[in-house]
Amino acid sequence: MTSVEASSARRRRGEAPDRARATARLAAVQALYELEMAGAPTDAVLAEFLNDRWRPAPGGEEAEGDLAKPDEAFFCELVRGATARHDEIGRMIGEALSGGWTLERLEPLIRTILKAGTYELLARPDIPVRVVITEYVEVAHAFFAGKEPALVNGVLDRLARTLRHDELETTPGERTTETR
């Protein structure tokens with residue numbers, strides 16, 4: 001099921017997509033990337049994002065197609081949590097990679113997407129695995145048109161099978177994650 005199909009299904013069921021959380025995930029990946037590339041202090045990067053980058057457009061109206069204002073608490077949790085558990089998350093991602101890949105070999109943006117997704121799988125059992133994986137695959141699609149979103153899907157799926165085994169127990173043949 002594609003993300004468009006998933007969104008349509010949510011709308012048919014009367015569920016609104018959580019745009020504020022989706023935007024928070026995108027912002028968290030961008031902030032984690034900045035932390036990795038610039039080595040800036042976490043609090044300074046958080047303040048920059050919250051105070052400068054996510055201000056509403058002049059007039060305060062949200063235009064069609066604009067990103068929603070991020071869920072600020074969720075954004076901060078993702079950035080602080082992924083930063084605090086950096087070593088643990090890095091080891092986990094490294095173990096989930098296949099084909100001789102290492103965490104260091106990954107493109108930095110893919111690394112940050114995986115770090116944020118892994119943190120969410122670890123620390124937020126209240127958010128279903130399918131939601132976490134689908135959301136971070138969407139973030140990957142925002143930046144990459146190649147095979148990178150499939151890599152994100154595969155690594156997060158492997159991690160979810162370890163971290164959230166009980167949630168993913170399914171009947172034979174049942175799919176556990178949405179695919180493109």
Side-chain angles (χ1 to χ4, degrees), residues 1-86 89 93 107-145 148-149 152-153 155-156 159-160 164 167 177-178 180:
M1 175 182 291
T2 68
S3 62
V4 172
E5 292 168 333
S7 294
S8 295
R10 281 193 300 266
R11 272 188 241 111
R12 283 193 301 274
R13 290 190 309 260
E15 299 172 27
D18 195 341
R19 291 181 57 206
R21 281 210 171 164
T23 303
R25 288 179 179 101
L26 176 63
V29 166
Q30 291 172 327
L32 289 167
Y33 180 82
E34 186 170 322
L35 287 167
E36 181 170 330
M37 299 311 288
T42 303
D43 287 338
V45 171
L46 289 173
E48 177 193 348
F49 272 79
L50 294 173
N51 298 327
D52 297 331
R53 294 201 188 183
W54 296 102
R55 290 183 190 205
E61 295 295 318
E62 199 175 291
E64 184 64 34
D66 280 355
L67 289 174
K69 184 178 186 323
D71 177 329
E72 292 179 4
F74 187 60
F75 163 71
C76 290
E77 176 191 352
L78 292 173
V79 174
R80 284 193 175 112
T83 301
R85 296 177 82 170
H86 178 267
I89 289 170
I93 294 169
E107 196 279 331
L109 187 53
I110 291 295
R111 247 191 333 260
T112 59
I113 293 168
L114 290 171
K115 286 176 183 178
T118 302
Y119 172 77
E120 199 167 331
L121 288 171
L122 273 169
R124 295 300 303 260
D126 58 311
I127 301 172
V129 165
R130 291 180 184 192
V131 170
V132 173
I133 294 172
T134 299
E135 289 289 323
Y136 286 101
V137 169
E138 286 299 312
V139 169
H141 274 288
F143 295 103
F144 299 100
E148 294 87 352
V152 169
N153 185 59
V155 171
L156 291 179
L159 288 167
R164 305 256 200 106
E167 184 179 340
T177 58
E178 294 173 283
R180 301 209 154 268

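Shown here for Tyr33 and Pro108, the closest heavy-atom pair between the two residues is CE1-CB, 3.8 Å. Heavy-atom minimum distance, Val29 versus Ala116: CG2-CB, 4.1 Å. Taking all atoms of both residues into account, the shortest heavy-atom contact from Val129 to Ala160 is CG1-CB, 3.5 Å. Glu120 approaches Arg164 most closely through the heavy-atom pair O-NH2, 3.4 Å. The two residues Leu78 and Ala24 have their closest heavy-atom pair at CD1-O, 4.2 Å. Residues Ala140 and Pro149 come closest through the heavy atom pair CB-CA, 3.8 Å.
Arg124 contributes atom CZ, which lies 7.5 Å from atom OH of Tyr119 (distance to the nearest 0.5 angstrom). The structure places CZ of Arg19 at 12.5 Å from CG of Leu26, a figure rounded to the nearest 0.5 Å. Between Glu148 atom CD and Phe143 atom CZ the span is 12.0 Å, to the nearest 0.5 Å. The structure places CG of Leu121 at 10.0 Å from CD1 of Ile89, a figure rounded to the nearest 0.5 Å. The line from CD1 of Ile113 to CZ of Arg25 is 13.0 Å long, rounded to the nearest 0.5 Å. Distance check: Phe74 CZ to Glu77 CD gives 6.5 Å after rounding to the nearest 0.5 Å.
With hydrogens and angles ignored, the 3.5 Å screen pairs a side-chain donor or acceptor of Thr112 with a backbone N or O of Leu109. The main-chain N or O of Val45 is never found under 3.5 Å from a side-chain atom of Glu34 such that the two would form a donor-acceptor pair.
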Arg21 and Glu135: CA distance, side-chain angles, deciding distance, salt bridge (Lys or Arg N to Asp or Glu O under 4.0 Å) verdict: CA-CA 9 Å; Arg21 281 210 171 164; Glu135 289 289 323; over 6 Å; no
Derivation and outcome, side chain to side chain contact (heavy atoms under 4.5 Å, CB included), residues Val79 and Leu35: CA-CA 9 Å; Val79 174; Leu35 287 167; 3.8 Å; yes
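The shortest side-chain heavy-atom distance between Val152 and Phe144 does not fall under the 4.5 Å cut-off. Taking 4.5 Å as the limit, every side-chain heavy atom of Thr23 sits out of range of all side-chain heavy atoms of Lys69.
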